[in-house]
Protein chains: 2
Amino acid sequence: MTDCIIIGSGLAGISAALTLKANGKNFLLFGKKQLSDKIVKAESIRNYPGLFNVSGQAFCEALQSQLKKEEIEIKTEKVSGVYAMKEKFTVTTQEGGMYESASVILACGVESVKPIEGEIEFLGRGVSYCATCDGFLYKNKKLGVICTNGEMEHEVEYLAELASEVYLVALYKNVTIKKDNVTVIKKMPRKIVGEKRVESMSFASAPTETLPADLPIDGVFILKDSAPPSVLVGGLETENGLVKVGVGMATNIVGCYAAGDCTGRPYQYTKAAGEGNIAAHSVTEYLRNLQK
Amino acid sequence: MTDCIIIGSGLAGISAALTLKANGKNFLLFGKKQLSDKIVKAESIRNYPGLFNVSGQAFCEALQSQLKKEEIEIKTEKVSGVYAMKEKFTVTTQEGGMYESASVILACGVESVKPIEGEIEFLGRGVSYCATCDGFLYKNKKLGVICTNGEMEHEVEYLAELASEVYLVALYKNVTIKKDNVTVIKKMPRKIVGEKRVESMSFASAPTETLPADLPIDGVFILKDSAPPSVLVGGLETENGLVKVGVGMATNIVGCYAAGDCTGRPYQYTKAAGEGNIAAHSVTEYLRNLQK
């Protein structure tokens with residue numbers, strides 16, 4: 001069992017990792033090799049103390065180099081769930097991994113794509129965030145897939161191999177997938193519709209020349225960088241999708257802390273770094289008290 | 001009238017200044033040319049995201065260069081008081097300056113020297129923080145002076161020119177002052193004693209061969225980098241000397257925010273920078289609402 005699992009490799013997660021490392025703690029850092037799409041894409045960052053007018057790319061490289069020198073590795077498995085047990089947590093990944101830790105820091109950022117109507121309502125009843133977890137349920141069925149990021153196209157391919165039809169709402173540029181049973185849609189559905197389970201995706205108007213505005217499906221996969229925190233962590237208190245935090249970045253779950261964009265505005269690198277630092281100190285103190 | 005006055009040039013104050021600048025606000029930044037003694041003296045900083053294992057000196061130079069490029073100047077006058085009026089603040093300095101602003105960010109750090117017994121009790125009744133403000137009250141009288149920093153020796157000289165005797169408790173190395181009426185003491189008094197007003201400084205044992213443990217004085221000047229926040233800002237809510245803050249780093253005084261070490265642990269550069277960022281965003285929003 002590790003001391004802490006940090007979920008997210010943006011400024012908050014990195015800051016937490018650097019501080020836990022300095023404090024001599026063992027931890028796992030789940031994230032991306034490129035750390036954060038938001039950072040990489042930043043044209044220039046003007047108000048980060050110590051780095052004048054740094055480009056997102058240069059900032060990202062500085063952080064990657066710092067992590068390397070500190071011997072902090074990033075685990076690129078995608079976290080699918082966080083389960084609070086008595087004085088420990090189990091963290092599962094879409095790749096089938098299962099990890100235990102004494103504490104958790106949520107630094108999973110905030111989704112630029114808001115949940116659409118019906119998404120949360122039908123979660124587990126036709127809506128899924130994880131292709132490899134739930135894909136098998138839709139063998140020879142019709143699937144909607146809302147994909148926010150080209151890097152997740154391999155999950156679309158995986159689903160296309162199982163399903164009879166895939167209607168791919170592609171929210172990214174340069175769609176490369178080419179399969180006979182995949183229809184690419186460049187409009188966002190207004191809502192997910194159904195009675196007991198998902199029955200259709202509803203668009204404001206016909207999504208393509210041949211498809212109806214109310215498109216019948218058996219299920220819909222919403223592929224984004226991370227699930228909403230409240231879905232990731234059962235029982236987590238959130239407000240408008242943001243994690244509620246108190247003193248020392250503590251959430252309502254004992255041993256679970258949050259930092260960065262997932263706790264709310266301002267969505268700023270400096271703020272995220274500061275909160276990651278605080279959360280790591282809180283974890284250090286929490287671990288100290290556990291041992292007593 | 002300026003949009004904001006930032007008090008303190010450590011990481012919190014600098015971060016707030018950079019963000020207010022990016023947000024197009026006018027502000028004054030009160031602090032030191034060398035920014036922060038704490039930063040300058042740091043051997044190496046290990047957990048500041050983006051700068052690997054940076055020395056305090058190098059960090060300080062990077063920050064100074066960044067401020068220069070952003071055309072942010074540091075006013076080196078020492079703030080002596082912050083007065084909250086209706087929708088504005090008046091800030092006074094020991095040098096006699098008087099400045100108005102719509103908001104204030106307290107980033108004055110935390111004193112490593114705790115108040116001694118009697119200090120707060122006798123404030124204004126024999127205890128003063130400001131030589132140039134109150135020195136004239138002690139012409140030809142006996143003064144205790146507790147000085148935390150060699151840079152403030154000129155204030156001791158100023159007092160020595162007025163008083164008949166100065167008992168200088170020097171909490172710094174390399175005391176250079178040489179005046180017949182100044183006796184240097186290298187022990188800290190246990191407390192400041194009196195009935196209605198200060199009557200003596202009490203030491204655990206005789207502070208020098210010739211002076212008594214209970215040393216009669218007419219007043220005592222405590223010269224430190226900044227007065228405690230609660231003394232600086234009348235009516236400010238504090239707890240154990242730390243500023244109480246709520247959402248967005250707001251204090252109990254409308255328009256007055258706080259950031260960095262003065263709000264409490266962890267005493268970390270990254271945390272201070274994060275809080276300065278948040279406070280600056282709160283000020284920006286506060287100013288927006290004022291204009292409505």
Side-chain angles (χ1 to χ4, degrees), chain A residues 10-23 35 39 44-54 58-70 72 245-249 259-260 263-282 284-285, chain B residues 10-23 35 39 44-54 58-70 72 245-249 259-260 263-282 284-285:
Chain A
L11 252 297
I14 291 170
S15 177
L18 290 169
T19 297
L20 285 181
K21 185 83 185 187
N23 290 354
L35 303 182
I39 301 177
S44 85
I45 299 156
R46 204 179 140 181
N47 63 343
Y48 191 83
L51 298 168
F52 174 69
N53 224 2
V54 68
F59 194 20
C60 190
E61 281 164 19
L63 293 168
Q64 281 170 324
S65 144
Q66 185 172 14
L67 291 176
K68 198 173 173 188
K69 286 174 189 158
E70 293 287 1
I72 296 170
V245 285
V247 175
M249 310 312 295
T263 73
R265 290 182 189 279
Y267 298 140
Q268 291 264 305
Y269 303 112
T270 319
K271 179 260 198 189
E275 289 189 350
N277 180 283
I278 297 171
H281 281 277
S282 296
T284 305
E285 200 179 322
Chain B
L11 252 298
I14 292 170
S15 177
L18 291 169
T19 297
L20 285 182
K21 185 83 184 186
N23 290 354
L35 302 183
I39 301 176
S44 85
I45 300 156
R46 204 177 141 182
N47 63 342
Y48 191 82
L51 298 168
F52 174 69
N53 225 2
V54 68
F59 195 19
C60 190
E61 282 162 19
L63 293 168
Q64 282 170 324
S65 144
Q66 187 172 13
L67 290 176
K68 199 173 172 189
K69 285 176 190 156
E70 293 287 1
I72 296 170
V245 286
V247 175
M249 309 313 294
T263 74
R265 290 182 190 278
Y267 297 141
Q268 291 263 307
Y269 304 111
T270 318
K271 178 260 197 189
E275 290 190 349
N277 180 284
I278 295 171
H281 281 276
S282 297
T284 305
E285 201 179 321

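Order of the sequence lines fixes the chain letters, A, B, ..., with proteins taken first and strands second; residue numbering starts at 1 for each chain.
Listed options B:E285, B:E275, B:E70 were ranked by heavy-atom pairs under 4.5 angstrom with chain A; first place goes to B:E70. Considering only heavy-atom pairs separated by less than 4.5 Å from chain B, the leading option among A:A62, A:A273, A:A22 is A:A273. Contacts with chain B were tallied for A:S65, A:A58, A:G50, A:A272; A:G50 has the most, counting heavy-atom pairs under 4.5 Å. With respect to chain B, the highest number of heavy-atom pairs below 4.5 Å among A:T19, A:L20, A:N53 belongs to A:T19.
Under the rule for a salt bridge (charged side-chain N to carboxylate O under 4.0 Å, His left out), A:R265 has no partner lying at least two apart in sequence or in another chain. Remark: A:Q66 pairs with A:L18, A:L63, B:F52 by the side chain to side chain contact (heavy atoms under 4.5 Å, CB included) rule, at least two apart or across chains.
Contact annotation for A:Y48: both backbone and side-chain heavy atoms come within less than 4.5 Å of a heavy atom of chain B.
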Original post:
What do the steps show when you test B:K21 against B:L67 for side chain to side chain contact (heavy atoms under 4.5 Å, CB included), and what is the final call?
Top reply: CA-CA 10 Å; B:K21 185 83 184 186; B:L67 290 176; over 6 Å; no
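Heavy-atom minimum distance, B:A279 versus B:A259: CB-CB, 4.3 Å. Between B:C60 and B:L35, the shortest heavy-atom contact is O-CD1, 3.8 Å.
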